[in-house]
Amino acid sequence: MARRRLAGKVAIITGGGRGMGAATARLFAEEGASVVVTDVDDGLGGALADALGPHATYVHHDVAVEADWAALIERVEAEHGHIDVLVNNAGISRENSVDDFSADHFDLMVGVNQLGVMLGMRAVAAPMRRAGGGSIVNIASAAGVRGEPELLAYTGTKFAVRGMTQVAASELAQDDIRVNVINPGVIDTPMHQQNSAERQEWLVERIPLKRFGRPEEIARTALFLASDDASYITGADISVDGGILLNRR
Ligand SMILES: NC(=O)c1ccc[n+]([C@@H]2O[C@H](COP(=O)([O-])OP(=O)(O)OC[C@H]3O[C@@H](n4cnc5c(N)ncnc54)[C@H](O)[C@@H]3O)[C@@H](O)[C@H]2O)c1
């Protein structure tokens, strides 16, 4: 039987109820990890953990809430004894533009997409040190590499995630905690399906591979970064985007 790449590891996946978080949870479970799926949607998260079987659990957890992180870490350490992998996947996207945004909207986006990632990295640093190392995989976006119209606040948060990944990778390397970031292009998840048919058409035309990505294609990259196959990789910024970022201005 092939080697299971996450055997013995405990992995937390935020926003794991659907989309690429759910694909990542499925793949990590297949690869032998004990998977902790977190989400704010208890129906989705609970159903997925049930489907994955005894090595998966679901925890209600809002990434933007500090107290939720403390409760999550306490529970995972009590149940599993160690934490080896964190995938900071939870995120929200809303269209807005220079002429049309509100401070409330900005606070919401920053809370989930940016503060959520900061809180997550801080929350797992101490347990990972105790475990002798770990891997943090942050999910940013191609929109965090190059700005496009109508995603003003979202783009800001995703640029921030890439920068914060570099800071955390520099600081945590001495503890053998690796921190990397994935920039998905346009991936066919419920988040993407919110886009109008017109915008989807516009997007697919811009993708050199001429199709949207599958959530599993992000999950496989997260698996690589989470596993010991990536033992010498930290601070990396990997775009999984069908080539959309080749269309540089
Ligand atoms: N789909 C794309 O095209 C695309 C492209 C680039 C980057 N991304 C990023 O990938 C990540 C996953 O996106 P997706 O497309 O799978 O999204 P999705 O909307 O399909 O799923 C996101 C999940 O996160 C959960 N969630 C939302 N707010 C949360 C919170 N505060 N705390 C915990 N969980 C929360 C949702 O309930 C949902 O289950 C996000 O960070 C997103 O910004 C997506």
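Computed from a predicted model, the values in this text were never measured in an experiment. Both counts, for ligands and for their atoms, begin at 1 and track the order of listing.
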Of the options Val63, Ile12, Ile136, which is the one that meets Asn88 in a side-chain contact (heavy atoms from CB on, under 4.5 Å)?
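Going through Val63, Ile12, Ile136 one by one, the side-chain contact (heavy atoms from CB on, under 4.5 Å) with Asn88 is satisfied by Ile136 alone.
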
Under 3.5 Å: donor-acceptor pair, side chain of Asp39, backbone of Gly17:
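Looks like yes, one N/O pair under 3.5 Å.
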
Got a donor-acceptor contact below 3.5 angstrom from the Arg162 side chain to the Gly144 backbone?
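Side chain of Arg162 to backbone of Gly144: a pair is present.
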
Which option wins on minimum heavy-atom distance to [atom]: [options]?
atom: atom 34 (N) of ligand 1; options: Ala90, Gly213, Gly45; value: Ala90
atom: atom 12 (C) of ligand 1; options: Asn89, Asn138, Leu151; value: Asn89
atom: atom 24 (O) of ligand 1; options: Pro184, Ser239, Gly15, Ala142; value: Gly15

Let's go through Met121 and Glu171 carefully: what are the C-alpha distance in whole Å and the side-chain angles of both, what is the deciding distance for side-chain contact (heavy atoms from CB on, under 4.5 Å) to 0.1 Å, and is it a yes or a no?
CA-CA 11 Å; Met121 295 195 294; Glu171 290 183 5; over 6 Å; no

Could an N or O of ligand 1 be found under 3.5 Å from any N or O of [X], whether backbone or side chain?
X: Met20; result: yes
X: Ala64; result: no
X: Arg18; result: yes
X: Gly19; result: no
X: Ser141; result: no

Within a distance under 4.0 Å of any heavy atom of [X], pick out the atoms of ligand 1 and give their elements.
X: Gly91; value: 40 (C), 41 (O)
X: Asp62; value: 30 (C), 31 (N), 32 (N)
X: Pro190; value: 20 (O)
X: Val186; value: 3 (O)
X: Ile92; value: 27 (C), 28 (N)

Side chain, backbone, both or neither: the part of [X] lying under 4.0 Å from ligand 1 by heavy atom:
X: Val112; result: side chain
X: Thr38; result: neither
X: Lys158; result: side chain

CZ (Phe159) with more than 12 external heavy atoms under 6.0 Å:
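Yes - once you tally the heavy atoms of other residues, nucleotides and ligands closer than 6.0 Å, there are more than 12.
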
Crowded around Glu79 CD? As in, over 12 foreign heavy atoms under 6.0 Å?
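Yes.
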
I'd like to know if [Y] and [X] are part of one continuous hydrophobic network [Ile/Leu/Val/Met/Phe/Trp/Tyr, side-chain heavy atoms within less than 4.5 Å].
X: Phe101; Y: Leu115; answer: no
X: Val124; Y: Met164; answer: yes
X: Val65; Y: Leu86; answer: no
X: Leu172; Y: Met118; answer: yes

List the closest protein heavy-atom neighbour of [atom]: residue, atom name, distance to the nearest 0.1 Å.
atom: atom 3 (O) of ligand 1; answer: Ile187 N, 2.9 Å
atom: atom 17 (O) of ligand 1; answer: Met191 CB, 3.4 Å
atom: atom 33 (C) of ligand 1; answer: His61 O, 3.3 Å
atom: atom 8 (N) of ligand 1; answer: Tyr154 OH, 3.5 Å
atom: atom 14 (P) of ligand 1; answer: Thr189 OG1, 3.5 Å
atom: atom 10 (O) of ligand 1; answer: Ile139 CG2, 3.4 Å
atom: atom 32 (N) of ligand 1; answer: Val63 N, 3.1 Å
atom: atom 37 (O) of ligand 1; answer: Asp39 OD1, 2.6 Å

Return the minimal non-hydrogen interatomic distance between [X] and [Y], and the atom names on each side.
X: Lys158; Y: Ser141; result: CG-CB, 3.8 Å
X: Ser93; Y: Met191; result: CB-SD, 3.7 Å
X: Met109; Y: Ala153; result: CG-CB, 3.9 Å
X: Glu95; Y: His105; result: O-CE1, 4.4 Å

Does ligand 1 have any atom that is closer than 4.0 Å to a heavy atom of [X]?
X: Gly185; result: yes
X: Thr14; result: no
X: Ala140; result: yes

Side-chain heavy atoms under 4.5 Å apart, restricted to Ile/Leu/Val/Met/Phe/Trp/Tyr: what other residues fall into the cluster of Leu48, or is it alone?
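Members other than Leu48 - counting any ILVMFWY side chain reachable under 4.5 Å - are Leu6, Ile13, Met20, Leu27, Phe28, Val35, Val37, Leu52, Tyr58, Val85, Val87, Val137, Ile139, Ile182, Ile187, Ile218, Leu223, Phe224, Leu225, Ile233, Ile238, Val240.
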
Under 4.5 Å between side-chain heavy atoms, chaining through other members, with only Ile, Leu, Val, Met, Phe, Trp and Tyr counted: pull out the rest of the cluster around Phe106, sorted by chain and number.
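When side chains under 4.5 Å apart are linked, the cluster holding Phe106 also contains Val110.
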
